[in-house]
S.K.: 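Here's a structure for you.
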Amino acid sequence: MAKNITTQEKDYSQWYLDVIREAKLAEHSPVRGSMVIRPNGMALWENMRNALDQMFKDTGHENAYFPLFIPKSFLSKEAQHVEGFAKECAVVTHSRLKSVDGGVEVDPESKLEEELIVRPTSETIIWDTYRNWIQSYRDLPILVNQWANVVRWEMRTRLFLRTMEFLWQEGHTAHATKEEAIDETRQMLDVYATFAEEWMAMPVLKGMKTASERFAGAVDTYCIEALMQDGKALQAGTSHFLGQNFAKAFDVKFQDKDGEHKLVWATSWGVSTRLIGGLIMTHSDDQGLVLPPKLAPTQVVIVPIYRSDEQREAVLEYADGIFDELKELGVRIKVDDRDNYNPGYKFAEHEAAGIPLRIAVGPRDLENNNVELARRDLKTKNIESREGLGSRVKKLLDDIQDELFEKAKTRRDEMTSEVDSYDEFKNVIKEKAGFVWAHWDGTPETEEKIKDETKATIRLIPLGEGEEGKCMVTGKPSKQKVLFAVSY
RNA sequence: CGGGGAGUGGCGCAGUCCGGUAGCGCAUUCGCUUUGGGAGCGAAGGGUCGCAAGUUCAAAUCUUGUCUCCCCGACCA
């Protein structure tokens with residue numbers, strides 16, 4: 001079984017790569033750190049995108065599109081922002097090639113007057129644009145999102161988790177008041193958390209980043225953090241309160257009701273194809289991908305089983321009847337009527353692809369008016385009556401969605417510890433991994449020391465009040481426990 | 001970008017030490033038999049051995065460079 005997939009126990013990293021290959025989600029391209037997203041992977045991303053997009057629209061946002069290329073001078077306008085991204089930018093310096101003995105080389109004559117940066121994120125070009133869109137308080141708020149690709153010149157890449165080019169959405173909003181901008185930041189964090197939990201069935205914790213983990217140019221960075229099966233944390237989404245940093249840098253002011261000219265308040269927020277990596281490492285197993293029904297491109301696959309042509313015809317007719325019934329109920333379903341693979345092969349293939357439910361129908365089922373129903377997540381098989389199948393399948397898909405979440409949440413909770421001493425902390429991080437709550441004195445020095453000594457970083461500071469205590473390292477006062485983990 | 005490992009038909013690998021006609025399994029194509037957990041038999045197709053230089057009568061094999069992937073570090077969504 002699953003003969004092409006390394007077990008999680010043997011090598012989790014290799015397992016992750018094998019699952020992606022066997023589920024045909026993506027593959028490496030000839031360009032270092034860049035991937036080809038295959039149709040299965042793109043269909044999954046499209047479902048995620050559609051769900052998120054609707055959530056953005058429901059909260060009053062509109063989509064727009066800004067350029068891929070950003071003039072170099074824009075990047076230097078916000079000091080923190082430059083510092084954060086300078087080291088990982090792709091730069092366009094020339095505009096054409098010329099032929100040289102059978103090959104091509106960069107034409108030195110085509111050197112650009114001002115070099116262009118391939119966007120690592122779009123704050124700069126968007127704020128340069130917003131300056132022209134905003135004059136009055138009546139122009140605010142601006143609630144815009146864009147779906148785009150961005151490029152960050154990464155040293156070390158992993159499919160979906162960290163690639164040089166990736167797909168994402170970036171929301172960029174402009175507000176008249178600080179309070180409104182903070183509300184927006186928090187609202188979008190909630191949207192991300194809801195999406196992660198209700199659609200991806202991936203439990204997340206919400207919180208705020210420390211200064212060292214903050215987005216370059218933000219006043220505060222909020223995040224959702226998920227815990228993967230191997231005990232490492234994954235930052236799954238971020239929402240930034242940008243204060244007036246970009247408004248200052250790009251001189252974006254509005255005339256308020258009181259006639260005063262004021263700087264605009266800003267937010268930005270994003271999630272990326274990295275979420276697919278999180279999805280894989282939350283639910284999948286040694287047989288391959290496991291997908292939550294709400295995001296699965298195909299929710300149910302019907303595998304017909306037959307010997308003779310007469311049987312084939314009868315079975316396919318039976319299968320088509322089921323297909324029609326479920327299709328009518330809004331289930332994403334397909335019939336795998338390929339004749340060149342036997343059922344066992346198809347079973348294995350659909351399991352690797354993570355299709356939540358499989359219905360097998362053969363002559364025996366026709367005779368008894370049954371189907372065989374198999375759950376991908378539990379690997380169970382049951383004979384079920386054909387009568388009322390549609391509504392039971394619908395219910396089952398809902399159950400799977402809920403159970404995947406509960407299972408992931410239980411695992412997350414089991415892998416979450418709370419410690420009071422640094423020795424205990426070091427031991428837990430080393431032996432058990434997972435999330436660890438502990439007191440921290442709030443200084444970057446202590447944070448850095450912990451990171452150097454244990455590889456664990458502060459994933460988030462919880463929102464709201466916590467119980468006071470003493471830092472596990474320095475013994476200095478701590479306002480609340482913060483969440484540590486080794487992360488991706 | 002540093003350390004380690006790897007690159008040979010679509011996939012997984014042997015061959016490399018010790019240079020001498022490029023092989024195996026799976027997959028693919030055709031035919032027949034099969035089909036309730038990755039089918040069987042027969043036939044066929046497919047590879048400038050990552051790429052580029054060099055050494056040699058001769059290079060998958062030796063040398064140098066370079067690209068890509070995996071693991072570990074530094075950096076990051």
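Just so we're on the same page: letters track the sequence lines, and every chain starts at 1.
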S.K.: Return the value, rounded to whole Å, for the distance between atom CG of A/N340 and atom P of B/A27.
M.R.: 12 Å
S.K.: Using a 4.0 Å heavy-atom cut-off, does A/R32 contact any base of the nucleic acid, only the sugar-phosphate backbone, or nothing at all?
M.R.: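 Sugar-phosphate contact only.
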S.K.: Measure the distance from CG on A/L159 to C1' on B/C70 and round it to the nearest whole Å.
M.R.: 11 Å
S.K.: By nearest atom, which of the nucleotides B/G36, B/C71, B/C1 is closest to the A/M155 side chain?
M.R.: B/C1
S.K.: Among the nucleotides B/C72, B/A77, B/G36, which one has an atom lying closest to any side-chain atom of A/R152?
M.R.: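 In terms of side-chain proximity for A/R152, the closest of B/C72, B/A77, B/G36 is B/A77.
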S.K.: B/C67 and B/C30: how far apart are their C1' atoms, nearest whole angstrom?
M.R.: 39 Å
S.K.: Under 4.0 Å from OP1 or OP2 of B/A77: is there any side-chain N or O of A/S272 that close?
M.R.: no
S.K.: Measuring from the side chain of A/P363 (C-beta onward, heavy atoms only), which nucleotide among B/C72, B/G37, B/G36 has the closest atom?
M.R.: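 Looking only at heavy atoms from C-beta outward on A/P363, the closest nucleotide is B/G36.
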S.K.: Tell me if a side-chain donor or acceptor on A/R459 pairs with a main-chain N or O of A/V436 at a distance below 3.5 Å.
M.R.: no
S.K.: Using a 3.5 Å distance criterion without hydrogens, assess whether the side chain of A/R119 forms a donor-acceptor pair with backbone atoms of A/F66.
M.R.: yes
S.K.: Starting at atom CG of A/D286, determine the distance to atom P of B/G37, rounded to an integer number of angstrom.
M.R.: 21 Å
S.K.: For a quick test of reading the model: is some side-chain N or O of A/Y341 closer than 4.0 Å to OP1 or OP2 of B/U28?
M.R.: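 A/Y341 to B/U28 OP1/OP2: side-chain N or O found under 4.0 Å.
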S.K.: Base, sugar-phosphate alone, or nothing: which one does A/D11 contact when heavy atoms must sit under 4.0 Å apart?
M.R.: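 It contacts nothing in the nucleic acid.
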S.K.: Rounded to whole angstrom, note down the C1' distance from B/U61 over to B/G23.
M.R.: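 Rounded to whole Å, the distance is 15 Å.
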S.K.: Which part of the nucleic acid does A/E154 contact within heavy-atom distance under 4.0 Å: base, sugar-phosphate only, or nothing?
M.R.: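 Base, at least one base heavy atom under 4.0 Å.
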S.K.: For the pair made of CG in A/L167 and P in B/A77, what is the distance, rounded to whole Å?
M.R.: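 Computing the A/L167:CG to B/A77:P distance gives 18 Å.
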S.K.: So what does A/G277 touch, heavy atoms closer than 4.0 Å: a base, only the sugar-phosphate, or nothing?
M.R.: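 It contacts nothing in the nucleic acid.
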S.K.: With RNA chain B as reference, determine whether A/R158 or A/S212 sits nearer its 5' end, using the nearest nucleotide of each.
M.R.: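 Per heavy-atom nearest nucleotide, the more 5' residue is A/R158.
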S.K.: Rounding to a whole Å, what distance do you find between A/E27:CD and B/G10:P?
M.R.: 12 Å
S.K.: Looking for any heavy atom pair under 4.0 Å, which part of the strands does A/L17 touch: base, sugar-phosphate only, or nothing?
M.R.: sugar-phosphate
S.K.: Sticking with atom P, work out how far B/U56 lies from B/C24, rounded to a whole angstrom.
M.R.: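 Roughly 34 Å separates the two P atoms.
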S.K.: So what does A/T163 touch, heavy atoms closer than 4.0 Å: a base, only the sugar-phosphate, or nothing?
M.R.: base
S.K.: Just by distance, do the side chain of A/T454 and the backbone of A/K451 share a donor-acceptor pair under 3.5 Å?
M.R.: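 Here the side-chain-to-backbone pair does not exist.
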S.K.: Looking for any heavy atom pair under 4.0 Å, which part of the strands does A/T121 touch: base, sugar-phosphate only, or nothing?
M.R.: nothing
S.K.: So if I take every side-chain heavy atom of A/A360 and compare against B/G37, B/G36, B/G38, which nucleotide ends up nearest?
M.R.: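 Closest of the options to the side chain of A/A360: B/G36.
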S.K.: Are A/R358 and A/F347 in a cation-pi contact, defined as NZ or CZ under 6.0 Å from the six-membered ring centre and within 45° of the axis?
M.R.: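 Checked: cation-pi criterion met.
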S.K.: Would you mind telling me which of B/G36, B/G37, B/C72 lies closest to the side-chain atoms of A/K455?
M.R.: B/C72
S.K.: What's the CZ-P distance between A/R156 and B/C69, to the nearest Å?
M.R.: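 Roughly 12 Å, once rounded to whole Å.
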S.K.: Check whether any side-chain nitrogen or oxygen of A/H28 sits under 4.0 Å from OP1 or OP2 of B/C70, and answer yes or no.
M.R.: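 Checking A/H28 against B/C70: at least one side-chain N or O falls below 4.0 Å of OP1 or OP2.
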S.K.: In residues 310-325 of chain A, which residues come under 4.0 Å of RNA chain B by heavy atom?
M.R.: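 None - not one residue of the stretch has a heavy atom sitting under 4.0 Å from the strand.
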S.K.: Considering only the P atoms, how many Å lie between B/G37 and B/U33, rounded to the nearest integer?
M.R.: 22 Å
S.K.: Donor-acceptor pair, A/E325 side chain versus A/G390 backbone, under 3.5 Å?
M.R.: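 Present.
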S.K.: If we call it a pair only when both distances are under 3.5 Å in a Watson-Crick or G-U wobble match, what pairs with B/C13?
M.R.: B/G23
S.K.: For A/F215, report the nucleic acid contact type (base, sugar-phosphate, nothing); a contact means any heavy atom under 4.0 Å.
M.R.: nothing
S.K.: Between A/G171 and A/Q169, which heavy-atom pair has the shortest distance, and what is it?
M.R.: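 Shortest heavy-atom separation between A/G171 and A/Q169 comes out as N-NE2, 3.5 Å.
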S.K.: For A/K232, is the NZ atom crowded, meaning more than 12 foreign heavy atoms sit under 6.0 Å from it?
M.R.: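 Yes - once you tally the heavy atoms of other residues, nucleotides and ligands closer than 6.0 Å, there are more than 12.
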S.K.: Let me spell it out: for each of A/D452 and A/M164, pick the nucleotide of RNA chain B with the closest heavy atom. Which residue's pick is nearer the 5' end?
M.R.: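 Final value for this comparison: A/D452.
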S.K.: Scan the side chains in residues 215-223 of chain A for donor-acceptor partners under 3.5 Å anywhere in the protein, sequence neighbours excluded, and list what turns up.
M.R.:
| from | atom 1 | to | atom 2 | distance (Å) |
| --- | --- | --- | --- | --- |
| A/T221 | OG1 | A/F215 | N | 2.9 |
| A/T221 | OG1 | A/H240 | ND1 | 2.8 |

S.K.: Considering only the P atoms, how many Å lie between B/C49 and B/G7, rounded to the nearest integer?
M.R.: 14 Å
S.K.: I'd like to know if the side chain of A/E170 reaches the main chain of A/G270, judged simply by a donor and an acceptor atom lying under 3.5 Å from each other, with no hydrogens or angles considered.
M.R.: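 Here the side-chain-to-backbone pair does not exist.
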S.K.: Can you check the A/K379 NZ to B/G38 C1' distance for me, whole Å?
M.R.: 16 Å
S.K.: Could you tell me whether A/R338 contacts a base, only the sugar-phosphate backbone, or nothing, with contacts defined as non-hydrogen atoms closer than 4.0 Å?
M.R.: nothing
S.K.: For atom P, what is the distance between B/G3 and B/A58, given to the nearest Å?
M.R.: 35 Å
S.K.: What's the gap between B/C69 and B/G12 when it is taken at their P atoms, as a whole Å value?
M.R.: 15 Å
S.K.: What integer number of Å spans the C1' atoms of B/C62 and B/U16?
M.R.: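 To the nearest whole Å, 10 Å.
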S.K.: So A/R21, base contact, sugar-phosphate only, or nothing? Heavy-atom distance under 4.0 Å.
M.R.: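 Counting heavy atoms under 4.0 Å across all strands, no contact is made by A/R21.
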S.K.: Can you check whether A/K451 has a side-chain N or O nearer than 4.0 Å to OP1 or OP2 of B/C75?
M.R.: yes
S.K.: Can you confirm if the aromatic rings of A/F166 and A/W45 lie within a centre distance of less than 6.0 Å?
M.R.: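 Aromatic pair excluded; centres sit 6.0 Å or further apart.
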S.K.: How close or far is atom P of B/C11 from atom CD of A/E22, stated in whole angstroms?
M.R.: 12 Å
S.K.: Which nucleotide, B/C75, B/A77, B/G38, lies nearest any side-chain atom of A/A348?
M.R.: B/G38
S.K.: Kindly write out the residues that satisfy side chain to side chain donor-acceptor pair (under 3.5 Å) with A/E445, not counting sequence neighbours, or none if the list is empty.
M.R.: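 Checked A/E445 against side chain to side chain donor-acceptor pair (under 3.5 Å); zero matches.
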